[in-house]
Amino acid sequence: MSAKKVVLITGISSGIGEATARLLAQRDFIIFGTARNPSGFEAIHGVEVLPLDVRSDESVNTCVDTVLKIAGRLDVLVNNAGYMLGGVVEEVTVEEAKAQFETNFFGVVRMVKRVLPIMRTQGSGQIINVSSGLGLAPLPFVGFYAASKFALEGYTEALRYEVKPFGIMVSLVEPGFIATQLYNNEQLAGNQISDYDPWRQRASDAVRKHREKSLKPTRVAERILRIIENKSPRLHNIVSNEIARTFLLRRLLPESIFEQGARRYLNLDVKR
């Protein structure tokens, strides 16, 4: 049996997932990547692409079973698949909110539940969940996306405590603004309320300026590689210096001061 680590990465059709698959394929790993439509993008040398819909138990089981059939084991799971739902909290329907969590949170839950018995039997394994800076400090108008990432943060930390005795390592990756298709592919709430538009526009303009300084997805991929290569990886792995500063300030500053700064950041208190 090959001594190479077997890595499964969800959501490799673009962005962070694609960059991670490409980087790890250049190293000494056996790489499996997933996409909902594997025929819809260019093949990556050294990466076996499998169909996967993280919203489906059957699809998750079939995907992991295929990895085991081909490779005989699974050493690393990178949960990256997800999307962003935009909209004021009041605008988003319960069905839209559930759909956001079904992919971003419960999709991870399905993958983890499927691989844990394998890793426990092996006595080793690693799970890396791709969160977001918005899982540490939320922004308005993407509240349910942030909520799904906050849920992922708490879930992952609890999971880390539980599975360490079995030799399974668990980590989070928290990117900031990354030059991916996440914002371009943002799904919007269907029932927009015009009363919020002035503040929505100001926040959008402020975020756009910061997105112009976005990091490349390769930066996140490099961090994921370092986590895999680290014998004792940390729980939190913040990629962006801006997010690291924001997280630190949120922990140190009084709540009212931090909120004032966040509102200034987004120009939310400018007079109409």
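When a residue number appears, it is its place in the shown sequence, counting from 1.
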Q | Any donor-acceptor pair under 3.5 Å from Thr218 side chain to Ala221 backbone | A | no
(Q) Any donor-acceptor pair under 3.5 Å linking the side-chain atoms of Arg208 with those of Ser204? (A) yes
Q. Without hydrogens or angle criteria, can the side chains of Asp53 and Ser59 be said to hold a donor-acceptor pair below 3.5 Å?
A. no
(Q) Checking Val207 against Leu266 for the side-chain contact (heavy atoms from CB on, under 4.5 Å) test, could you report, in this order, the C-alpha distance in whole Å, the side-chain angles of both residues, the deciding distance, and whether it holds? (A) CA-CA 7 Å; Val207 168; Leu266 297 169; 4.1 Å; yes
Q) Can you name the closest pair of heavy atoms from Ile168 and Met119 and give their distance? A) CD1-CB, 3.6 Å
Q) For Val49 and Pro38, which heavy atoms make the closest approach, and how far apart are they? A) CG1-CB, 3.7 Å
Q: Treating Ile, Leu, Val, Met, Phe, Trp and Tyr as nodes and any side-chain heavy-atom pair under 4.5 angstrom as an edge, say whether Val170 and Leu136 lie in one connected cluster.
A: no
Q. Does one side chain, of Glu58 or Asn61, offer a donor that lies under 3.5 Å from an acceptor on the other?
A. no
**Q.** Residues forming a ring pair (Phe, Tyr, Trp, His ring centres under 6.0 Å) with Tyr265, sequence neighbours excluded
**A.** His210
Q. Any donor and acceptor pair, going by atom type alone, linking the side chain of Glu186 with main-chain N or O of Met84 inside 3.5 Å?
A. no
Q | Neighbour count above 12 (heavy atom, 6.0 Å) for Phe106 CZ | A | no
Q) Any link between Val88 and Leu134 through a network of hydrophobic side chains (Ile, Leu, Val, Met, Phe, Trp, Tyr) touching at under 4.5 Å? A) yes
Q) Do you know which two heavy atoms are closest between Ala81 and Val54, and how far apart they sit? A) CB-CG1, 4.3 Å
Q. Can you find a heavy atom in the side chain of Val6 that is under 4.5 Å from one in the side chain of Leu8?
A. no
Q: Keeping the roles fixed (side chain from Arg55, backbone from Glu102), state whether a donor-acceptor pair exists under 3.5 Å.
A: no
Q. Between Arg202 and Asn267, what is the shortest heavy-atom contact and its length?
A. CD-O, 3.0 Å
Q) Considering the options Ile118, Val7, Thr34, Leu50, which one meets the side chain to side chain contact (heavy atoms under 4.5 Å, CB included) requirement together with Val67? A) Leu50
Q.
Under 6.0 Å from the ring centre and within 45 degrees of the ring axis: does the NZ or CZ of Arg251 meet both conditions for the six-membered ring of Phe247?
A. yes
Q | Test side-chain contact (heavy atoms from CB on, under 4.5 Å) applied to Glu96 and Thr93, step by step | A | CA-CA 5 Å; Glu96 290 169 334; Thr93 66; 3.1 Å; yes
Q: Please round to the nearest 0.5 Å and tell me the distance separating atom CD1 of Ile128 and atom CD of Gln126.
A: 4.5 Å
Q. Taking atom types as modelled, is there a side-chain donor on Thr10 or Asn80 under 3.5 Å from an acceptor on the other?
A. no
Q) When rounded to the nearest 0.5 angstrom, what is the spacing between CD1 in Ile228 and CZ in Phe29? A) 5.0 Å
(Q) I want to check something: taking the side chain as every heavy atom from C-beta on, are Tyr145 and Pro138 in contact at a cut-off of under 4.5 Å? (A) no
Q) Is the shortest distance from a Lys or Arg side-chain nitrogen in Arg22 or Glu18 to a carboxylate oxygen in the other one below 4.0 Å? A) yes
Q) Out of curiosity, Ile227 CD1 to Ser232 OG, how far, rounded to the nearest 0.5 Å? A) 12.0 Å
**Q.** Transitive ILVMFWY side-chain link Leu139 to Leu253, under 4.5 Å
**A.** no
Q. Would you say the side-chain atoms of Thr156 pair up with the backbone N or O of Glu153, donor to acceptor, closer than 3.5 Å?
A. no
**Q.** Check ion pair Glu222-Lys216 (N to O, under 4.0 angstrom)
**A.** no
Q) Going by distance alone, is a donor N or O of one side chain under 3.5 Å from an acceptor N or O of the other, for Asp205 and Gln201? A) yes
**Q.** Phe166 with Val109, same ILVMFWY side-chain cluster at under 4.5 Å
**A.** yes
Q: Run the salt-bridge test on Arg223 and Glu174 with the 4.0 Å N-O cut-off and return the result as yes or no.
A: no
Q | Steps toward side-chain contact (heavy atoms from CB on, under 4.5 Å) verdict (Asn237, Leu172) | A | CA-CA 6 Å; Asn237 296 270; Leu172 287 155; 5.5 Å; no
Q. Taking Tyr83 for the side chain and Leu182 for the main chain, is one N or O donor matched with an acceptor at less than 3.5 Å?
A. no
Q.
Checking side-chain polar atoms at under 3.5 Å, does Asn129 have a donor or acceptor matched by the opposite partner on Ser131?
A. no
**Q.** Heavy-atom closest contact (Val76 atom, Lys5 atom, distance)
**A.** CG2-CD, 4.4 Å
**Q.** Expected output: side-chain Glu48 to main-chain Phe32 donor-acceptor under 3.5 Å
**A.** no
(Q) Once rounded to the nearest 0.5 Å, what's the spacing between atom CD1 of Ile238 and atom CG of Leu248? (A) 9.0 Å
Q) Applying the 4.5 Å side-chain criterion to the ILVMFWY set and letting contacts propagate, would Val239 and Phe150 be lumped into a single cluster? A) no
Please table the atom pairs, donor to acceptor, closer than 3.5 Å between any side-chain atom in residues 255-264 and protein atoms at least two apart or in another chain.
unit_1: Arg263; atom_1: NE; unit_2: Asp269; atom_2: OD1; d: 2.9
unit_1: Arg263; atom_1: NE; unit_2: Asp269; atom_2: OD2; d: 3.1
unit_1: Arg263; atom_1: NH2; unit_2: Asp269; atom_2: OD1; d: 2.9

Q.
Any salt bridge linking Asp57 with Arg114? Criterion: basic side-chain nitrogen under 4.0 Å from a carboxylate oxygen.
A. no
**Q.** Short side-chain to backbone donor-acceptor contact, Glu157 and Gly154, under 3.5 Å
**A.** no
Q. For the atom pair CD (Gln26) and CD1 (Ile44), what is the distance rounded to the nearest 0.5 Å?
A. 10.5 Å
**Q.** Ser214 OG to Arg219 CZ distance, which is reported to the nearest 0.5 Å
**A.** 11.5 Å
(Q) Please check this pair: side chain of Lys149 against backbone of Val130, looking for a donor-acceptor N/O pair closer than 3.5 Å. (A) yes
